[in-house]
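Computation of the quantities below employed the complete heavy-atom set of this structure, encompassing side-chain atoms and omitting hydrogens, waters and symmetry-equivalent molecules.
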Amino acid sequence: MNMHTQPVGEMIRAWRQRRRMSQLAFACEAEISARHLSFLETGRSRPSRDMLLHLAERLDMPYRERNALMLAAGFAPVYSETGLDNPDAAAARRAVDLVLAAHEPFPAIAVDRYWTLVAGNAALPIFLGGIPDDLLQPPVNVLRLSLHPQGLGQRIENIGEWCAHVFERLQRQIELTNDETLSALLAELKQFPGAAAAQSGFDAEFGGLIMPLKLRTDAGTLSFFTATTVFGTAVDITFSELVIETFMPGDEFTARTVRAMMAQA
């Protein structure tokens with residue numbers, strides 16, 4: 001069922017339950033009476049615009065879903081959604097490109113909420129060698145590309161661990177957003193050959209705290225770990241959903257080899 005077609009009270013209740021909070025616990029969190037919350041959820045009381053924004057903030061709802069909540073209650077959307085190619089977004093897009101370029105000579109990418117590649121820096125081709133052109137035609141989903149048997153999946157040495165890492169991360173995102181498209185993507189990825197080897201537990205070289213990506217290349221096995229950057233002050237839907245993934249060298253061999261590869265590029 002599409003969340004956007006639900007009455008506003010049902011949407012509030014659904015998001016509360018998704019956050020695993022009882023009615024009483026959420027009422028305390030939102031600093032309202034349990035009776036008032038019950039009336040809001042059952043439709044006996046009509047929430048004000050300010051009350052909806054307050055509840056959405058306490059529920060940590062994504063901006064996109066906050067807009068849906070406002071529309072369901074008959075109010076105008078609060079958050080803008082500016083396309084990355086919109087002239088009004090030029091300054092913000094330059095900020096994205098600046099972050100990506102600053103991470104060179106190591107790879108970095110920017111992806112949208114569906115893990116579609118938005119931009120990459122000059123080191124991204126390190127990951128793309130030997131991948132068929134048809135898999136690189138836009139739009140490119142980076143999770144699909146990373147696990148596809150003709151994509152990076154054939155070159156990842158620790159494919160079982162990496163699959164488990166991707167599945168867990170995507171599942172957390174689904175729980176946060178309740179996005180059906182992401183659910184379909186997870187189901188698709190679990191059909192790839194490497195998924196059968198998915199296993200829990202991370203490589204011991206980082207103390208079991210960080211998942212390395214170990215990639216076979218002509219120069220040897222490169223080991224990376226990732227760091228994620230989001231724009232925490234973004235009030236636009238598109239930029240609030242944008243994620244920058246930077247790949248850090250996991251050992252001295254990787255750092256030295258990547259620097260040499262980029263110097264020759």
Side-chain angles (χ1 to χ4, degrees), residues 1-86 88-89 92-93 95-96 110-116 118 139 141 143 168-187 228-244:
M1 182 175 183
N2 191 316
M3 287 286 292
H4 297 186
T5 65
Q6 289 179 285
V8 65
E10 291 184 12
M11 292 177 72
I12 294 171
R13 182 172 63 248
W15 278 97
R16 171 179 61 76
Q17 293 172 339
R18 188 162 297 112
R19 298 298 182 248
R20 297 180 174 86
M21 284 192 285
S22 68
Q23 201 170 69
L24 178 58
F26 181 49
C28 291
E29 171 70 20
E31 300 180 330
I32 61 176
S33 70
R35 186 169 182 265
H36 187 191
L37 178 59
S38 176
F39 279 16
L40 291 174
E41 290 187 354
T42 58
R44 293 180 64 181
S45 292
R46 185 177 184 274
S48 67
R49 179 180 181 276
D50 288 344
M51 175 58 72
L52 282 179
L53 290 174
H54 174 68
L55 295 178
E57 178 68 24
R58 289 294 185 269
L59 288 168
D60 193 26
M61 292 175 63
Y63 290 164
R64 185 178 299 276
E65 298 304 327
R66 297 186 197 194
N67 273 356
L69 190 69
M70 301 301 289
L71 288 169
F75 299 112
V78 175
Y79 300 97
S80 63
E81 185 172 6
T82 306
L84 290 168
D85 55 353
N86 189 302
D88 292 338
R93 178 56 194 265
V96 172
V111 297
D112 66 15
R113 64 177 176 140
Y114 292 134
W115 293 90
T116 303
V118 172
N141 183 281
L143 295 187
E168 180 182 351
R169 186 171 182 183
L170 193 51
Q171 185 60 51
R172 286 200 305 268
Q173 188 179 358
I174 291 168
E175 291 174 359
L176 177 65
T177 64
N178 192 41
D179 195 297
E180 295 177 358
T181 300
L182 292 175
S183 295
L185 175 61
L186 178 58
T228 300
T229 301
V230 296
F231 292 91
T233 56
V235 294
D236 179 88
I237 291 176
T238 300
F239 284 92
S240 73
E241 294 172 341
L242 199 68
V243 173
I244 294 178

Asker: Walk me through it: do Asp179 and Arg113 pass the test salt bridge (Lys or Arg N to Asp or Glu O under 4.0 Å)?
Answerer: CA-CA 10 Å; Asp179 195 297; Arg113 64 177 176 140; 3.1 Å; yes

Asker: Is Arg19 reaching over with its side chain to a backbone N or O of Leu176, donor-acceptor style, under 3.5 angstrom?
Answerer: yes

Asker: Kindly indicate whether the side chain of Val230, heavy atoms from C-beta on, has any atom under 4.5 Å from the side chain of Ile244.
Answerer: no

Asker: Considering only heavy atoms from C-beta outward, does the side chain of Leu69 approach that of Glu65 to under 4.5 Å?
Answerer: no

Asker: In the structure I gave you, are the side-chain heavy atoms of Leu55 and Phe26 within less than 4.5 Å of one another anywhere?
Answerer: yes

Asker: Does Asn67 use its side chain to pair, donor to acceptor, with the backbone of Tyr79 at less than 3.5 Å?
Answerer: yes

Asker: Is a side-chain donor or acceptor of Thr116 paired with a backbone partner of Asp112 at a separation under 3.5 angstrom?
Answerer: no

Asker: Show, in sequence, the C-alpha distance, side-chain angles and deciding distance for Leu186 and Arg169, and conclude whether the side chain to side chain contact (heavy atoms under 4.5 Å, CB included) test is met.
Answerer: CA-CA 10 Å; Leu186 178 58; Arg169 186 171 182 183; over 6 Å; no

Asker: Rounded to the nearest 0.5 Å, what separation is found between the CG atom of Leu185 and the CD1 atom of Ile174?
Answerer: 7.5 Å

Asker: Working to the nearest 0.5 Å, report the span between CG of Asp236 and CD of Glu241.
Answerer: 9.0 Å

Asker: Are the side chains of Leu37 and Ile32 in touch, meaning some heavy atoms are under 4.5 Å apart?
Answerer: yes

Asker: Go through the steps to decide whether Val96 and Phe239 satisfy the test side chain to side chain contact (heavy atoms under 4.5 Å, CB included), and finish with yes or no.
Answerer: CA-CA 10 Å; Val96 172; Phe239 284 92; 4.3 Å; yes

Asker: Taking the side chain as C-beta and beyond, is there a heavy-atom pair between Val78 and Leu53 under 4.5 Å?
Answerer: yes

Asker: Can you see which heavy atom on Ala73 is nearest to which on Leu52, and at what distance?
Answerer: CB-CD1, 3.3 Å

Asker: Show the nearest heavy-atom pair for residues Met21 and Arg16, with the distance to one decimal.
Answerer: O-NH1, 2.9 Å

Asker: Begin with the C-alpha distance, continue with both residues' side-chain angles, and end with the deciding distance and a verdict on side chain to side chain contact (heavy atoms under 4.5 Å, CB included) for Trp115 and Gln173.
Answerer: CA-CA 11 Å; Trp115 293 90; Gln173 188 179 358; 2.7 Å; yes

Asker: Does the side chain of Arg172 come under 3.5 Å of the side chain of Thr177 through a donor N or O and an acceptor N or O?
Answerer: no

Asker: I'd like to know if Arg18 and Glu175 make a salt bridge, using a cut-off of under 4.0 Å between side-chain N and carboxylate O.
Answerer: no

Asker: Taking the side chain as everything from C-beta on, heavy atoms only, tell me whether Glu10 gets closer than 4.5 Å to Trp15.
Answerer: no

Asker: Return the OG to CZ distance between Ser38 and Arg35, rounded to the nearest 0.5 Å.
Answerer: 9.0 Å

Asker: If you define the side chain from C-beta out and look only at heavy atoms, does anything of Arg93 sit under 4.5 Å from Val118?
Answerer: yes

Asker: Does Arg44 make a cation-pi contact with Phe39, if we ask for NZ or CZ under 6.0 Å from the ring centre and within 45° of the axis?
Answerer: yes

Asker: Is a donor on one side and an acceptor on the other found under 3.5 Å between the side chain of Arg58 and the backbone of Ala30?
Answerer: no

Asker: Given the rule in the side chain to side chain contact (heavy atoms under 4.5 Å, CB included) test, do Met61 and Asn178 qualify, once you have shown the distances and angles that lead to the verdict?
Answerer: CA-CA 10 Å; Met61 292 175 63; Asn178 192 41; over 6 Å; no

Asker: So which heavy atom on Ala76 is nearest to which on Met70, and how close?
Answerer: O-CB, 3.8 Å

Asker: Do His36 and Met51 have side chains that approach each other closer than 4.5 Å (heavy atoms only, starting at C-beta)?
Answerer: yes

Asker: To the nearest 0.5 Å, what is the distance between OG1 (Thr181) and OH (Tyr114)?
Answerer: 3.5 Å

